[in-house]
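The structure appears below as structure tokens.
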Number of protein chains: 2
Amino acid sequence: MDLAVKHNPQNRGSARDFVYETLRYSILHLKLKPGTKMSEQDVSDQFQVSRTPIREVFVRLFQEELVEIYPQRGTYVSLINLRHLEEGRFVRETMEKAVIREAAGELSKSDLFKLESNLAAQEVCRKNRNYFRMLALDDEFHATIFRACGMERTWSTVQQLNNDFYRVRVLRLAHDFRWDTILSQHYAIFEALKNGEGDRAEGITQDHLRMVIVEKDELKLEYPDYFVDI
Amino acid sequence: MDLAVKHNPQNRGSARDFVYETLRYSILHLKLKPGTKMSEQDVSDQFQVSRTPIREVFVRLFQEELVEIYPQRGTYVSLINLRHLEEGRFVRETMEKAVIREAAGELSKSDLFKLESNLAAQEVCRKNRNYFRMLALDDEFHATIFRACGMERTWSTVQQLNNDFYRVRVLRLAHDFRWDTILSQHYAIFEALKNGEGDRAEGITQDHLRMVIVEKDELKLEYPDYFVDI
DNA sequence: CCAAATAAACTACCATGGTAGTATATATAG
DNA sequence: CTATATATACTACCATGGTAGTTTATTTGG
């Protein structure tokens with residue numbers, strides 16, 4: 001494991017928070033592969049902080065199911081659970097359809113502006129084939145809608161249930177991804193929201209979220225040791 | 001703060017887990033009042049363990065929004081947030097209606113048996129006016145349905161979003177609660193699930209979950225310092 | 001050469017001491 | 001008496017050392 005980062009105490013915020021953010025990001029973006037061993041000692045050496053804050057970070061990551069702690073044996077980056085993938089999808093679709101319906105016609109000028117700006121940024125990313133940033137903008141688009149309804153907490157929670165899905169999306173990033181379709185769907189959702197067409201917004205959202213069904217067998221073949229057997 | 005508990009190392013499981021379970025239970029059941037200060041030192045004295053595992057427990061509870069940590073100032077039991085209450089309700093209703101619909105007609109003999117046993121236990125509790133246990137059985141009834149659909153994780157997540165609601169339910173426990181109606185609704189849900197009447201199960205669930213709307217102003221008057229102002 | 005017993009290495013768990021930052025009580029100046 | 005300055009107490013944060021449990025490497029007996 002090599003993250004090549006050091007905690008700079010100049011940075012505002014505790015060492016704990018810094019390590020947490022860094023490790024979380026590393027796991028979700030597969031800089032730390034599923035199944036990787038991460039001992040307190042190793043990580044504390046990497047970050048140049050003592051083991052105490054590292055342990056506390058492990059507890060946080062454990063709570064989010066990003067790592068698994070085996071007492072006296074070791075702490076490992078969680079394997080991707082394909083069953084969790086389905087469950088996360090189901091929750092996301094159910095919740096987002098409900099939220100979209102609430103949001104239709106109720107968004108403020110400011111919220112609509114945020115969405116429109118986001119779409120413009122997505123255009124740029126698509127042209128430049130910056131898929132990594134595209135992924136972030138995609139999530140940010142949907143987060144904005146949740147936030148506009150005062151449901152940011154719900155968004156975070158749903159995202160947490162979709163941590164494994166996020167990792168799969170990163171895995172698929174290299175492959176030819178249907179960004180054109182995705183972007184046009186985002187436009188359609190935006191228009192429907194603006195015009196207060198709840199039913200239509202909900203319908204597009206359903207198609208949108210079902211588009212990204214992944215070929216599980218294919219994934220398991222390509223990255224055999226990233227997944228848990230079920 | 002006085003929990004009058006000591007960690008017995010004989011108990012299987014780490015001190016950390018024991019303290020976590022105990023504190024979590026204490027907060028949710030208002031043995032620790034919202035706003036209570038809980039310093040590392042105090043808690044570690046109470047449990048007769050060192051401050052290290054206590055800190056790790058605080059991190060876990062913080063992640064669940066059960067405590068708030070102010071660096072160098074103190075750690076406090078979270079106040080109840082009435083806005084979170086609404087959000088939790090919305091998520092619960094949305095998800096449970098979707099799950100109930102999936103479950104209708106698909107439950108195994110074993111699952112139906114569990115539900116029926118649970119209902120029998122509820123009868124006993126109602127007769128004996130054991131409302132505390134009734135609360136647990138209520139949740140267990142709904143958890144069983146989620147679990148039967150392979151959605152235990154979802155249930156836990158939804159529950160976490162409803163932590164504040166749980167505390168309010170405990171507060172209301174003393175008051176005259178409509179247990180008769182609740183129980184009869186449980187029966188109706190059970191029957192609908194058994195007969196595969198998805199629509200009907202969903203409808204009852206909606207009524208069921210909307211029954212427990214609480215009078216916020218009343219609550220704030222009775223327990224003024226338990227809530228955050230919004 | 002192989003299998004069982006032993007030794008060494010490694011792990012997360014917990015205890016404890018020191019530190020910088022914050023809040024409160026006390027003392028001091030006006 | 002009041003407002004400001006100082007001292008004290010308290011907090012969570014981090015560093016570090018020891019420990020029991022686990023895994024791996026080594027040795028021993030056949």
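Here is the naming used below: chain letters follow the sequence lines, and residue numbers restart at 1 for every chain.
Within the 4.0 angstrom heavy-atom criterion, base atoms lie near B:T52.
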Legend entry - Stepwise ring pair (Phe, Tyr, Trp, His ring centres under 6.0 Å) test for B:F165 and B:H84: CA-CA 8 Å; B:F165 183 63; B:H84 288 180; over 10 Å; no

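As rounded to whole Å, 13 Å separates atom C1' of C:dA15 from atom CG of B:D45. Between the CD atom of A:E56 and the C1' atom of D:dA15 there is a distance of 12 Å, rounded to whole Å. Between the CZ atom of A:F58 and the P atom of C:dC13 there is a distance of 10 Å, given to the nearest Å. Per the geometry, CD1 belonging to A:I54 stands 16 Å off C1' belonging to C:dC13, to the nearest Å. What separates CD of A:Q41 from P of C:dC14 is a distance of 18 Å, to the nearest Å. In this structure, CZ of A:R55 is placed 16 Å from P of D:dG17, rounded to the nearest angstrom. At whole-Å resolution of the value, NZ in A:K37 and P in C:dA9 are 16 Å apart. B:Y76 places its OH atom 13 Å from the P atom of C:dT22, with the value rounded to the nearest Å.
A salt bridge is defined here as a Lys NZ or Arg NE, NH1 or NH2 lying under 4.0 Å from an Asp or Glu carboxylate O, and A:R167 with A:D164 meets this definition.
For A:E40, the side-chain atoms get nearest to C:dA12 when compared with the rest of C:dA12, D:dA12, D:dG18. Taking every side-chain heavy atom of B:Q72 into account, C:dT22 is the closest of C:dT22, C:dC14, C:dA15. Distance from the side chain of B:R51 is smallest for D:dC14 among the nucleotides D:dC14, D:dG21, D:dG18.
With 3.5 Å as the limit, one finds a donor-acceptor pair spanning the side chains of B:Q122 and B:N118. Between the side chains of B:E65 and B:N163, no donor-acceptor pair of N or O atoms lies under 3.5 Å.
Under 4.0 angstrom from either OP1 or OP2 of D:dC14 there lies no side-chain N or O belonging to A:R16. In this model, the phosphate group of D:dT22 is not approached by any side-chain N or O of A:R73 to a distance below 4.0 Å at OP1 or OP2. Distances shown here put a side-chain N or O of B:S39 below 4.0 Å from the OP1 or OP2 atom of D:dT11. For B:S50, a side-chain nitrogen or oxygen approaches OP1 or OP2 of C:dA15 to under 4.0 Å.
For B:R133, the CZ atom sits in a loose shell: 12 or fewer heavy atoms of surrounding residues, nucleotides or ligands are nearer than 6.0 Å.
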